[in-house]
Amino acid sequence: MDIEDLQTFVAVADSGGVSAAARRLGVSKSIVSRRLLRIEAELGVQLLARTTRGAALTEAGITFRDHAARASAEIDTAREAILPTGELCGRLRVAMPLTFGPTHFAPVIAEMARQHSRLHIHTSYSDRFVDLIAEGFDCAIRGGYLQDSNLIAKRVGPIQGKLVASPDYIKAHGSPETLEELVAHQALMQGTEAWQFMDGDRIVTVQPQGRFKADSATALAAAAAAGLGIAWLPDCITYEYVASGALVPIMTRYPVPPGAAYVVRPPGQHPPRKVRVLTEMLIEYFARNPDVWGHDR
């Protein structure tokens with residue numbers, strides 16, 4: 001039985017459809033369909049029930065999926081074992097945030113590609129919430145506060161943030177000193193989000209108000225530097241603005257709750273070595289750049 005047929009069946013089973021599996025594997029949908037038909041003919045049973053919404057496992061498919069996944073994992077391990085020490089191969093699909101992925105994480109991805117010439121890396125930059133399983137990603141880099149899910153997350157570094165405003169805005173409107181005063185100021189927001197602050201050991205939530213909104217933290221930093229209002233942003237976005245004096249930290253007695261960056265991946269007993277290597281490289285990157293991301297508190 002062809003190992004690529006096994007891996008294709010596992011990809012379809014885990015992603016729920018031919019299209020998502022084709023994206024994950026980097027092949028056409030017709031190739032995925034041919035491999036599925038071939039493996040079902042080999043076994044003499046139907047593994048997948050095709051529907052208009054995708055593909056659902058039959059009872060035989062549920063049983064066979066676990067065996068096929070173990071066999072595929074063993075082959076991947078064997079392939080890695082015979083490669084030169086530390087070399088990676090295959091395909092790695094990574095989803096990264098558009099806000100700071102291209103500027104901060106892209107060099108890490110480029111270095112990984114340089115070190116592993118047999119590894120094919122496909123990176124997607126977007127601030128939307130990516131469904132790793134349905135869209136066929138091996139992992140994603142996510143920042144802030146993770147939502148509950150069945151994904152497996154590994155923390156790679158801190159993401160600290162603060163309230164900032166330009167000197168011109170402070171000169172014209174003053175700098176708020178309390179959370180009550182803050183709601184009277186112009187807030188620069190991504191939508192209708194709430195802002196959280198630490199008041200001693202308590203987390204306090206504030207509902208800011210403002211007329212300027214953008215779905216990009218980079219755009220909000222530029223608006224704050226132009227004097228349009230107060231922004232609640234991560235240090236990696238405001239670092240250069242604060243260093244140049246274009247933005248000033250305000251309300252420092254009410255710090256923003258610390259966040260973090262994570263590598264998240266679909267559930268499984270052992271992460272692929274390519275995901276482990278990327279995770280290790282990101283941990284090293286955060287350790288080398290504490291001034292950009294903020295220190296762990």
Side-chain angles (χ1 to χ4, degrees), residues 96-105 127-129 141-147 155-262 285-287 289-297:
M96 289 200 179
L98 180 61
T99 295
F100 42 75
T103 51
H104 296 287
F105 295 151
D127 283 335
R128 70 180 180 85
F129 191 82
I141 316 302
R142 290 183 178 160
Y145 315 99
L146 291 185
Q147 300 176 354
R155 186 182 186 276
V156 293
I159 295 183
Q160 305 293 354
K162 58 174 64 77
L163 274 186
V164 292
S166 71
D168 288 343
Y169 179 88
I170 294 172
K171 182 177 180 180
H173 305 282
S175 178
E177 298 295 333
T178 67
L179 298 176
E180 291 76 15
E181 292 178 5
L182 176 61
V183 296
H185 282 260
Q186 283 291 321
L188 308 175
M189 300 178 291
Q190 292 196 20
T192 57
E193 70 270 18
W195 289 353
Q196 291 187 326
F197 303 92
M198 300 297 300
D199 185 3
D201 294 330
R202 296 187 307 124
I203 294 180
V204 180
T205 301
V206 172
Q207 297 291 338
Q209 303 295 323
R211 65 183 181 87
F212 187 94
K213 297 181 180 181
D215 61 358
S216 163
T218 305
L220 294 178
L228 295 181
I230 295 172
W232 189 97
L233 293 168
D235 290 353
C236 61
I237 298 297
T238 61
Y239 173 74
E240 292 185 353
Y241 287 98
V242 172
S244 69
L247 290 175
V248 178
I250 62 173
M251 287 187 60
T252 54
R253 58 179 288 209
Y254 296 101
V256 170
Y262 300 86
Y285 162 73
F286 274 90
N289 296 277
D291 292 337
V292 175
W293 293 94
H295 298 266
D296 275 318
R297 295 194 189 102

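FYI, side chains are in, hydrogens and waters are out, and symmetry mates aren't considered; it's all heavy atoms of this structure.
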Compare all side-chain heavy atoms of [X] with those of [Y] and state whether any distance is below 4.5 angstrom.
| X | Y | answer |
| --- | --- | --- |
| I170 | S166 | no |
| Y262 | V156 | no |
| D235 | K162 | yes |
| V183 | Q207 | no |
| P176 | H173 | no |
| F100 | I159 | yes |
| L182 | I230 | yes |
| W232 | L220 | no |

Can you tell me how far CD of Q160 sits from SG of C236, rounded to the nearest 0.5 angstrom?
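Here the interatomic distance stands at 10.5 Å.
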Hey, what do you get for OG1 (T99) to CD1 (I237), rounding to the nearest 0.5 Å?
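It is 6.0 Å, given to the nearest 0.5 Å.
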Walk me through whether L163 and W195 qualify under side-chain contact (heavy atoms from CB on, under 4.5 Å).
CA-CA 10 Å; L163 274 186; W195 289 353; 3.6 Å; yes
Testing the basics here: between [X] and [Y], what is the closest heavy-atom pair and its distance to 0.1 Å?
| X | Y | result |
| --- | --- | --- |
| M189 | P208 | SD-CG, 3.4 Å |
| L233 | A231 | CD1-CB, 3.6 Å |
| A221 | L247 | O-CD1, 4.1 Å |
| R155 | G259 | NH2-O, 4.5 Å |
| T178 | Y254 | CA-CE1, 4.1 Å |
| M251 | L179 | CE-CD2, 3.5 Å |

Quick check with a 6.0 Å cut-off and a 45 degree axis cone: is R142 positioned over the face of F129's six-membered ring?
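Because its charged atom sits under 6.0 Å from the ring centre and within 45° of the axis, R142 does stack over F129.
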Yes or no on side-chain contact (heavy atoms from CB on, under 4.5 Å) for H185 and Y169, after CA distance, side-chain angles and deciding distance?
CA-CA 10 Å; H185 282 260; Y169 179 88; 2.9 Å; yes
Could you label the plane-to-plane angle of the F286 and F105 rings as parallel, tilted or perpendicular, counting under 30° as parallel and over 60° as perpendicular?
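Ring orientation of F286 relative to F105: tilted.
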Does T205 form a side-chain contact (heavy atoms from CB on, under 4.5 Å) with F197? I'd like the steps, not just the answer.
CA-CA 7 Å; T205 301; F197 303 92; over 6 Å; no
Look at atom CZ of R128 and say whether more than 12 heavy atoms of other residues, nucleotides or ligands are closer to it than 6.0 Å.
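For R128, atom CZ is crowded (more than 12 foreign heavy atoms under 6.0 Å).
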Above 12 or not: heavy atoms from other molecules or residues under 6.0 Å from CD of E193?
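More than 12 within 6.0 Å, yes.
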In plain terms, say whether K171 and D168 are close enough for a salt bridge, that is, a side-chain N and a carboxylate O under 4.0 Å apart.
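Salt bridge between K171 and D168, a charged N being under 4.0 Å from a carboxylate O: no.
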Run the side-chain contact (heavy atoms from CB on, under 4.5 Å) check on D127 and D215 step by step: do they pass?
CA-CA 8 Å; D127 283 335; D215 61 358; over 6 Å; no
